[in-house]
Amino acid sequence: MASTARSRPDRCPGIVHPWPAEDGGLVRIRVPGGRVRLADLVALAGVAGRFGDGRVRTTARANLQLRAMPLAGSGDRLADDALDALEATGLLPSRAHDRIRNVMVSPQTGLAGGRADLRPVVAALDALLLGDGTLAGLPGRFLFTLDDGRGDLAERHKDLGLVALDDARAQLRVGEHWGEVVALADAADALAGLARRFLAVRGAGPTAPWHVDELDAPSAARLADVVPPAEGADVSSPPLPFGPVPGGEHVAVGEDGVDAATIAAWAADNDPATTVVVTPWHGVLIPEETT
């Protein structure tokens, strides 16, 4: 791990903290594990149509993004009515934790393949993030990656995460290294604990590291012991292809995102309560049945 000099705080955009782009406010909506109900996507598209350019975009971290949103003040916040409308979708459960719910998971987990269903781990980790005021201090670019053992996130590991070894155990990822093997039932607590320790060792102020691999050697040593990968942990597989895949249909989302009519068609063809999965490859996985 190597330290990196920083001269400013992290400005990664969120909802409460938009990025002032040329066309207006760029808003990023965290959806842990990429999981979002079609009904909530419909509501989000409505907000985009009312306040922005009418498009819902996806990101490489399986989050959602709106553009051309109205700004207020000195351009560092959304207009109040736009912020209220976004909050009403239910996709902003905590203003304080707006930017730190960066949790990526194998998109097909619990739908097809993989060694374990990691959806309960995602839900537990998100609850821990939302319930801890200290963790609201994580940098906006800090990333958790939860690989269900198929290896599709092997190239995406950044800060903290895990790889499932079977349906009961996982090995933690700590930056570019491997951590201890834990029970899946304890994995969310273990990751939240490491995140708190990261905050404790990184220091404070605008020069503090944003990522685990930016810690200096003494700080990294205090964060976690480095161990070899367990049998089956070091796995890799290619990105999920578009089209029909085990568990559903992986629909490509272009750079300009999707409009309200497209999202409405998805909701019309499925139960609006269906949870779809935004993928790290700019796609949406629509499951074969409600999950």
**Student:** Against Asp40, only a single residue in Val42, Leu38, Val36, Leu44 fulfils side chain to side chain contact (heavy atoms under 4.5 Å, CB included); can you say which?
**Tutor:**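 Of the listed options, the one satisfying the test is Val36.
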
**Student:** Whether Arg30 and Asp98 form a salt bridge (side-chain N of Lys/Arg under 4.0 Å from carboxylate O of Asp/Glu) is what I want to check.
**Tutor:**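 Salt bridge absent between Asp98 and Arg30.
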
**Student:** Between Val212 and Leu191, is there a shared hydrophobic cluster once you connect ILVMFWY residues whose side-chain heavy atoms come closer than 4.5 Å?
**Tutor:**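 Yes, Val212 connects to Leu191 through the hydrophobic network.
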
**Student:** Is there a side-chain contact (heavy atoms from CB on, under 4.5 Å) between Val258 and Val253? Walk through the geometry before answering.
**Tutor:** CA-CA 7 Å; Val258 293; Val253 175; 4.1 Å; yes

**Student:** Taking Gly179's backbone N and O only, do any of them form a donor-acceptor pair with Gln171's side chain (distance below 3.5 Å, no angle check)?
**Tutor:**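 Judged by distance alone, yes, a pair lies under 3.5 Å.
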
**Student:** Which one of Leu83, Ile15, Val47 satisfies the side chain to side chain contact (heavy atoms under 4.5 Å, CB included) criterion with Met69?
**Tutor:**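 One option only clears the test, and that one is Val47.
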
**Student:** For the residue pair Val56 and Ala45, what are the closest heavy atoms and their distance?
**Tutor:**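 Shortest heavy-atom separation between Val56 and Ala45 comes out as CG2-CA, 3.9 Å.
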
**Student:** I would like to know whether Arg55 and Asp53 meet salt bridge (Lys or Arg N to Asp or Glu O under 4.0 Å); could you show each step before the answer?
**Tutor:** CA-CA 6 Å; Arg55 314 286 294 186; Asp53 68 357; over 6 Å; no

**Student:** Check this for me, if you would: do Arg202 and Asp159 make a salt bridge, where the nitrogen-to-carboxylate-oxygen distance has to be below 4.0 angstrom?
**Tutor:**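 Salt bridge: no.
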
**Student:** Indicate, with yes or no, if Leu130 and Val16 share a hydrophobic cluster defined by side-chain heavy-atom contacts under 4.5 Å among Ile, Leu, Val, Met, Phe, Trp and Tyr.
**Tutor:**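 No, Val16 does not connect to Leu130 through the hydrophobic network.
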
**Student:** Given Thr274 and Asp271, is the side chain to side chain donor-acceptor pair (under 3.5 Å) satisfied, shown in steps?
**Tutor:** CA-CA 5 Å; Thr274 296; Asp271 185 333; 5.1 Å; no

**Student:** Would you check if there is a donor-acceptor pair between the side chains of Asp216 and Ser219 at a distance under 3.5 Å?
**Tutor:**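 There is such a pair between these side chains.
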
**Student:** What I want to find out is whether Asp23 reaches Arg67 closely enough, with some N-O distance under 4.0 Å, to be called a salt bridge.
**Tutor:**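 So Asp23 pairs with Arg67 through a salt bridge.
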
**Student:** Heavy atoms, side chains only, cut-off 4.5 Å: are Trp178 and Arg173 in contact?
**Tutor:**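 Sidechains of Arg173 and Trp178: in contact.
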
**Student:** Do any N or O atoms from the side chain of Arg156 and from the backbone of Ala60 form a donor-acceptor pair under 3.5 angstrom?
**Tutor:**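 Checking the backbone N and O of Ala60 against the side chain of Arg156, a donor-acceptor pair under 3.5 Å is found.
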
**Student:** Look at the side chain of Asn270 and the backbone N and O of Trp266, then say whether any donor-acceptor pair between them is shorter than 3.5 Å.
**Tutor:**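 Flag set: sc Asn270 to bb Trp266 pair under 3.5 Å.
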
**Student:** For a side-chain contact (heavy atoms from CB on, under 4.5 Å) check, start with the C-alpha distance between Thr58 and Asn63, then their side-chain angles and the critical distance, and finish with the verdict.
**Tutor:** CA-CA 6 Å; Thr58 61; Asn63 289 315; over 6 Å; no

**Student:** Is there a side-chain contact between Arg99 and His17 (heavy atoms, below 4.5 Å)?
**Tutor:**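 A side-chain contact exists here, since the closest heavy-atom pair is under 4.5 Å.
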
**Student:** Are Asp76 and Pro20 packed together at the side-chain level, in the sense that at least one heavy-atom pair is separated by less than 4.5 angstrom?
**Tutor:**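 They are not in side-chain contact.
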
**Student:** Using the side-chain hydrogen bond (donor to acceptor under 3.5 Å, both in side chains) rule, collect all pairs that involve residues 192-201, keeping only residues at least two apart or in two chains.
**Tutor:**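 As it turns out, the side-chain hydrogen bond (donor to acceptor under 3.5 Å, both in side chains) pairs with a partner in residues 192-201, which skip direct neighbours, are Asp132-Arg196.
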
**Student:** Show your working on side-chain contact (heavy atoms from CB on, under 4.5 Å) between Arg101 and Asp126 and close with a plain yes or no.
**Tutor:** CA-CA 7 Å; Arg101 300 166 65 229; Asp126 189 42; 2.8 Å; yes

**Student:** With a 4.5 Å cut-off on side-chain heavy atoms, are Thr109 and Arg119 touching?
**Tutor:**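 A side-chain contact exists here, since the closest heavy-atom pair is under 4.5 Å.
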
**Student:** Indicate yes or no: at least one non-hydrogen side-chain atom of Asp147 is less than 4.5 angstrom from one of Val105.
**Tutor:**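 Side chain of Asp147 against side chain of Val105, heavy atoms only: no contact under 4.5 Å found.
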
**Student:** For Leu160 and Ala195, work out which heavy atoms get closest and say how close.
**Tutor:**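 Scanning both residues completely, I find the closest heavy atoms to be CD1-N, 3.5 Å.
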
**Student:** Between the side chains of Lys158 and Glu176, is the shortest nitrogen-to-carboxylate-oxygen separation below 4.0 Å, so that they form an ion pair?
**Tutor:**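 Salt bridge flag = no for Lys158 with Glu176.
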
**Student:** Check for me, please, whether Leu194 and Leu138 land in the same ILVMFWY cluster - side-chain distances under 4.5 Å, paths through other members count.
**Tutor:**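 Yes; tracing contacts between hydrophobic side chains, which count when under 4.5 Å, links both residues.
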
**Student:** Working to the nearest 0.5 Å, report the span between CG of Leu146 and CG of Leu153.
**Tutor:**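 Reported value, rounded in 0.5 Å steps: 8.0 Å.
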
**Student:** Any ring-ring contact (aromatic ring centres under 6.0 Å, His included) pairs touching residues 213-262, not counting sequence neighbours?
**Tutor:**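 Qualifying pairs, neighbours excluded: Phe242-His250.
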
**Student:** Looking only at atom types and distance, does a side-chain atom of Asn102 sit under 3.5 Å from a main-chain N or O of Phe142, one as donor and one as acceptor?
**Tutor:**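 Such a contact is found between Asn102 side chain and Phe142 backbone.
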
**Student:** Is Gln108 close to Val245 at the side-chain level, that is, under 4.5 Å between some pair of heavy atoms?
**Tutor:**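 Yes, side chains in contact.
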
**Student:** Any side-chain donor-acceptor pair under 3.5 Å between Asp152 and Ser106?
**Tutor:**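 Their side chains do contain a donor-acceptor pair, which is all the 3.5 Å distance test asks for.
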
**Student:** Measure across Ala62 and Pro280 and return the closest heavy-atom pair with its distance rounded to 0.1 Å.
**Tutor:**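 Distance-wise, the nearest heavy atoms are CB-N, 4.0 Å.
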
**Student:** Hey, what do you get for CD (Glu180) to CG (Leu172), rounding to the nearest 0.5 Å?
**Tutor:**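 So the gap between those two atoms works out to 5.5 Å.
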
**Student:** Can you name the nearest heavy-atom pair linking Ala187 to Leu162, along with the distance?
**Tutor:**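 Nearest pair, atom of Ala187 first, then Leu162: CB-CD2, 3.6 Å.
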
**Student:** Evaluate Phe198 against Leu215 for side-chain contact (heavy atoms from CB on, under 4.5 Å), listing each step before the verdict.
**Tutor:** CA-CA 9 Å; Phe198 169 79; Leu215 295 171; 3.9 Å; yes

**Student:** Answer yes or no: is there a donor N or O on one side and an acceptor on the other, between the side chain of Asp234 and the main chain of Pro229, under 3.5 Å?
**Tutor:**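 Judged by distance alone, no pair lies under 3.5 Å.
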
**Student:** Taking Arg115 for its side chain and Ala164 for its backbone only, find out whether a donor-acceptor pair lies under 3.5 Å.
**Tutor:**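 Checking the backbone N and O of Ala164 against the side chain of Arg115, a donor-acceptor pair under 3.5 Å is found.
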
**Student:** Honestly curious: do Leu143 and Leu118 fall in one hydrophobic cluster under the side-chain, below-4.5 Å linking rule?
**Tutor:**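 No, Leu143 and Leu118 fall in different hydrophobic clusters.
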
**Student:** Working note: Arg95 + Glu87, criterion salt bridge (Lys or Arg N to Asp or Glu O under 4.0 Å); need CA distance, chi angles, decisive distance, verdict.
**Tutor:** CA-CA 9 Å; Arg95 293 190 180 190; Glu87 202 160 32; 2.8 Å; yes

**Student:** Would a single hydrophobic cluster contain both Val174 and Val235, if residues Ile, Leu, Val, Met, Phe, Trp and Tyr are joined by side-chain heavy-atom contacts under 4.5 Å?
**Tutor:**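 The answer is no; the residues belong to distinct hydrophobic clusters.
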
**Student:** Within 45 degrees of the ring normal and closer than 6.0 Å to the centroid, is that where the cationic atom of Arg28 sits relative to Trp19?
**Tutor:**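 So Arg28 doesn't make the cation-pi contact.
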
**Student:** Locate the shortest heavy-atom distance separating Gly33 from Val277; write the atom from each residue and the value.
**Tutor:**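 Shortest heavy-atom contact: O-CG1, 3.7 Å.
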
**Student:** Taking atom CG of Asp225 as the centre, does the number of heavy atoms from other residues, nucleotides or ligands within less than 6.0 Å exceed 12?
**Tutor:**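 Not more than 12 within 6.0 Å, no.
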
**Student:** When you measure from the side chain of His97 to the backbone of Leu129, do you find a donor-acceptor pair of N or O atoms at a distance under 3.5 Å?
**Tutor:**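 Flag set: sc His97 to bb Leu129 pair under 3.5 Å.
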
**Student:** Please determine whether a side-chain nitrogen of the Lys or Arg among Asp148 and Arg150 lies less than 4.0 Å from a carboxylate oxygen of the Asp or Glu.
**Tutor:**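 So Asp148 pairs with Arg150 through a salt bridge.
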
**Student:** Against Leu86, only a single residue in Leu92, Leu78, Leu91 fulfils side chain to side chain contact (heavy atoms under 4.5 Å, CB included); can you say which?
**Tutor:**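 For Leu86, the side chain to side chain contact (heavy atoms under 4.5 Å, CB included) test succeeds with only one of Leu92, Leu78, Leu91, which is Leu78.
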
**Student:** Below 4.5 Å, heavy atoms only, C-beta onward: do Thr262 and Asp259 meet side chain to side chain?
**Tutor:**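 Yes, side chains in contact.
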
**Student:** Is any side-chain heavy atom of Trp281 closer than 4.5 Å to a side-chain heavy atom of Pro107?
**Tutor:**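 Yes, close enough: below the 4.5 Å cut-off.
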
**Student:** What is the minimum heavy-atom distance between Ala190 and Val182, and which atoms define it?
**Tutor:**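 Heavy atoms of Ala190 and Val182 come nearest at CB-CG1, 4.4 Å.
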
